[in-house]
Structure formats: structure tokens, C-alpha cells
Amino acid sequence: MSATATAIAEGTGCVTCGVCQSVRDWEGPDGAELIEHLVRGRVEDALREQGLHVRDPRTVPIGVSARHIHLSPGHVVALFGPGVRLQPWRELYQPGEFATGHTLAVISPSGRRLERVRVLGPERTRTQLELSRTDAIALRIELPLRNSGALDGTPIVALEGPAGSVTTDGAIRAARHIHCDPNEAAGFGISDGERVSVRVPGPEGVTFPDVLVRAHPGHRLILHLDTDDANAAGVRCVTHGVVLV
């Protein structure tokens with residue numbers, strides 16, 4: 001037995017190949033699929049380390065979703081004054097969505113604050129605050145993991161703007177999700193509302209389970225992770241994951 005293998009067997013060392021984490025994260029019913037998943041991941045990672053381009057047919061680009069706020073029309077007026085409408089400051093990846101030039105202070109029931117949280121547009125029917133777990137710890141609140149729009153029973157947090165303050169309809173940690181067009185989903189062998197796993201390769205690679213598929217006409221393909229998940233997986237500005245079906 002090699003020195004490395006002996007160290008692993010004795011619990012005094014580890015080869016950082018990601019196999020242990022992948023096995024722990026695996027939720028599929030078939031052991032043969034797990035073997036294929038593990039072998040494919042290790043081989044692809046080795047090829048990438050040699051500078052060779054590898055692209056799985058079920059590859060999805062990854063976007064990092066930082067803390068942000070969606071506002072209802074009434075709350076836009078209350079926070080920024082009469083006659084104000086949300087206007088694009090920077091277009092986002094999904095058509096019709098944009099970052100505005102507005103930011104707000106977020107204030108928890110304990111008085112803890114997060115300053116300059118970006119407002120996204122366009123307006124929505126309900127005011128929604130999306131934070132990471134790290135943000136929630138800083139604010140000393142418990143945030144549930146929810147799909148966007150599922151706000152019932154979530155914490156109420158105050159928002160402070162230049163013209164006034166309001167309370168949110170809810171605050172959440174946004175569940176991991178994939179945006180895609182129905183035709184792209186069909187090509188992956190998945191459908192709207194389905195839950196899949198996504199493997200992020202690399203030395204810090206992670207397999208994320210329970211990723212919601214949101215397939216709607218006109219959506220552009222992307223996996224949304226919050227900043228905590230992205231940092232854990234070593235996501236950089238151009239990173240792709242592989243959808244596991």
C-alpha cells in the first residue's frame with residue numbers, strides 16, 4: 001500500500017479529489033449512476049487541469065445572485081417619493097430584468113443594519129428581500145430557504161429609503177434554481193418544476209442537490225447560486241456546472 005493510501009486508511013491524510021463529498025451529496029437511486037458521475041467528474045477535472053476544454057452536453061453557466069430587493073409599486077413611492085419609477089441602471093442577464101441605481105438600508109427587528117442593498121426591477125406585486133445565510137447571521141434573523149415569491153410565514157424586515165421606510169412582505173434565502181427556455185429544458189431531459197442536481201467541477205467542486213428548474217419562454221440558460229454557495233464551490237466569473245438527470 002502506498003504512503004498516501006496508508007494515510008487515508010489511517011485517517012491521517014486525504015487526497016482532495018472531491019469523491020467523499022460527492023458520495024455524501026449523492027441523492028440518485030442508482031449506484032451505477034454514482035460511479036459514472038464520480039469517474040466523469042475526476043476525468044474532466046484532470047483534463048481541465050491540463051488546459052483541455054471539456055464541455056458536457058448538459059452544461060449550464062453559473063450566475064452569482066448577491067443580496068437584493070424587489071419592490072411593489074406602492075413601496076417604490078413610499079421609499080423614493082411620488083412620481084418615481086424604477087429605471088434601468090444596468091441590464092441583467094434575464095430579458096426585461098435590471099439593476100436600478102437605487103439602494104436601501106435593511107434593518108432587522110433587533111436593529112442590526114445592512115447598508116446599500118441594491119434594488120432590482122421591474123416592480124413586483126410583493127416586496128421581497130433576498131439575502132444569504134451570512135447576511136442573515138449579521139442581521140441576527142432566521143431566514144427560510146424558499147422559492148422566489150413564496151413569502152408567507154417569512155420574517156418581516158424594515159427597508160429605509162430617502163423618502164421614508166416600509167416593511168417587506170417577506171425575506172428569504174432564495175433556493176438554488178435554473179432558468180432556461182422550455183426547448184433547452186427538453187434538450188437536457190428535464191422540465192419546469194423538476195428538481196435536479198448540479199455538479200460544479202474543479203478543486204473546490206460541489207454537487208448541489210434539489211435545484212429547481214424554472215423553464216419559461218424567453219428565459220436565458222443560467223444556474224443561480226447565492227454568494228455563500230458560490231464561494232463554497234469556488235465559482236469564478238466564468239464557471240459552468242453540469243446538470244445531473
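These numbers come from a predicted model, not from an experiment. The figures that follow rest on heavy atoms only: side chains count, while hydrogens, waters and symmetry mates do not.
Atom OG1 of Thr59 sits about 9.5 Å away from atom CG of Leu221, to the nearest 0.5 Å. Here the CG atom belonging to Leu131 is positioned 7.5 Å from the CZ atom belonging to Arg67, to the nearest 0.5 angstrom. To the nearest 0.5 Å, the span separating CD on Gln94 from NE2 on His219 amounts to 5.5 Å. We find the CZ-CZ distance between Arg140 and Arg112 to be 3.5 Å, quoted to the nearest 0.5 Å. For the atom pair CG (Leu225) and OG1 (Thr239), the distance works out to 9.5 Å, reported to the nearest 0.5 Å. Annotation: the span from Ser72 atom OG to Arg124 atom CZ amounts to 12.0 Å, rounded to 0.5 Å.
Judged by the 6.0 Å and 45° rule, Arg220 forms a cation-pi pair with Tyr93.
Put simply, the side chain of Leu143 does not reach to within 4.5 Å of the side chain of Thr154, judged on heavy atoms. Looking only at side-chain heavy atoms (C-beta outward), Phe98 and Leu86 come within less than 4.5 Å of each other. Here the side chains of Val198 and Thr207 are not in contact, with every heavy-atom distance at 4.5 Å or above. Counting heavy atoms from C-beta on, the side chains of Ile62 and Phe208 never come closer than 4.5 Å. With contacts defined as side-chain heavy-atom distances shorter than 4.5 Å, the pair His179/His224 qualifies. The closest side-chain heavy-atom distance from Ile69 to Leu159 is below 4.5 Å. Using a 4.5 Å heavy-atom cutoff, the side chains of Glu123 and Leu71 are not in contact. Side chains of Val157 and Ile107 form no contact here, defined as non-hydrogen atoms less than 4.5 Å apart.
Both Leu114 and Val119 are members of a single hydrophobic cluster when ILVMFWY side chains are connected at heavy-atom separations under 4.5 Å. Leu120 and Leu151 sit in two unconnected hydrophobic clusters of ILVMFWY residues. Membership requires side-chain heavy atoms under 4.5 Å apart, directly or through other members. Under the 4.5 Å side-chain heavy-atom criterion for grouping Ile, Leu, Val, Met, Phe, Trp and Tyr, Leu92 is not connected to Val64 through any hydrophobic cluster. Hydrophobic clustering of Ile, Leu, Val, Met, Phe, Trp and Tyr side chains at less than 4.5 Å, counting indirect connections, keeps Val77 apart from Leu79.
Of the possible donor and acceptor atoms, none in the side chain of Ser108 sits under 3.5 Å from a partner among the backbone N and O of Ile141. Remark: side-chain polar atoms of Arg214 are not paired, donor with acceptor, to backbone N or O of Ile178 under 3.5 angstrom.
The two atoms that bring Ser165 and Glu160 nearest to each other are CB-CA, 4.2 Å, heavy atoms only. The minimum heavy-atom distance linking Ile156 with Gly170 is given by the pair CD1-N, 4.3 Å. Taking all atoms of both residues into account, the shortest heavy-atom contact from Phe80 to Thr103 is CE2-O, 4.4 Å. In this structure, Ala171 and Pro144 approach most closely via the heavy-atom pair O-CD, 3.9 Å. For the residue pair Pro209 and Ser197, the shortest heavy atom distance occurs at CA-OG, 3.6 Å. For the pair Gly218 and Pro95, the tightest heavy-atom approach, listed with the atom from each and the gap, is O-CG, 3.6 Å.
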- Task: Any chance you could lay out the side chain to side chain contact (heavy atoms under 4.5 Å, CB included) test for Trp89 and Arg118, step after step, and finish with the verdict?
- Result: CA-CA 11 Å; Trp89 169 65; Arg118 184 69 56 185; 3.8 Å; yes
- Verdict with reasoning, Val117 to Val106, per side chain to side chain contact (heavy atoms under 4.5 Å, CB included): CA-CA 7 Å; Val117 180; Val106 174; 3.7 Å; yes
- Task: Apply the test side chain to side chain contact (heavy atoms under 4.5 Å, CB included) to residues Val213 and Cys180: give CA-CA distance (whole Å), side-chain angles for both, the deciding distance (0.1 Å), then the verdict.
- Result: CA-CA 8 Å; Val213 177; Cys180 61; 4.1 Å; yes
- After noting the C-alpha distance and the side-chain angles of Asp228 and Arg133, does the key distance pass the salt bridge (charged side-chain N to carboxylate O under 4.0 Å, His left out) rule? CA-CA 7 Å; Asp228 286 351; Arg133 185 188 293 276; 5.5 Å; no
- Task: Could you walk me through whether Leu212 and Asn147 pass the side chain to side chain contact (heavy atoms under 4.5 Å, CB included) test, one step at a time?
- Result: CA-CA 8 Å; Leu212 175 67; Asn147 296 331; 3.6 Å; yes
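A 6.0 Å sphere centred on CD of Glu142 holds no more than 12 heavy atoms belonging to other residues, nucleotides or ligands. For Arg85, the CZ atom counts as loosely surrounded, since its 6.0 Å shell holds 12 or fewer non-hydrogen atoms of other residues, nucleotides or ligands.
The pair Arg176-Asp229 meets the salt-bridge criterion, since a charged nitrogen lies less than 4.0 angstrom from a carboxylate oxygen.
When only modelled atom types and interatomic distance are considered, Thr127 and His75 share a side-chain donor-acceptor pair under 3.5 Å. For the residue pair Gln128 / Ser148, a side-chain donor-acceptor distance below 3.5 Å is found, with atom types taken as modelled.
Under the rule for a ring-ring contact (aromatic ring centres under 6.0 Å, His included), the partners of His70 that lie at least two apart in sequence or sit in another chain are His68. With sequence neighbours excluded, no residue satisfies side-chain hydrogen bond (donor to acceptor under 3.5 Å, both in side chains) with Thr100.
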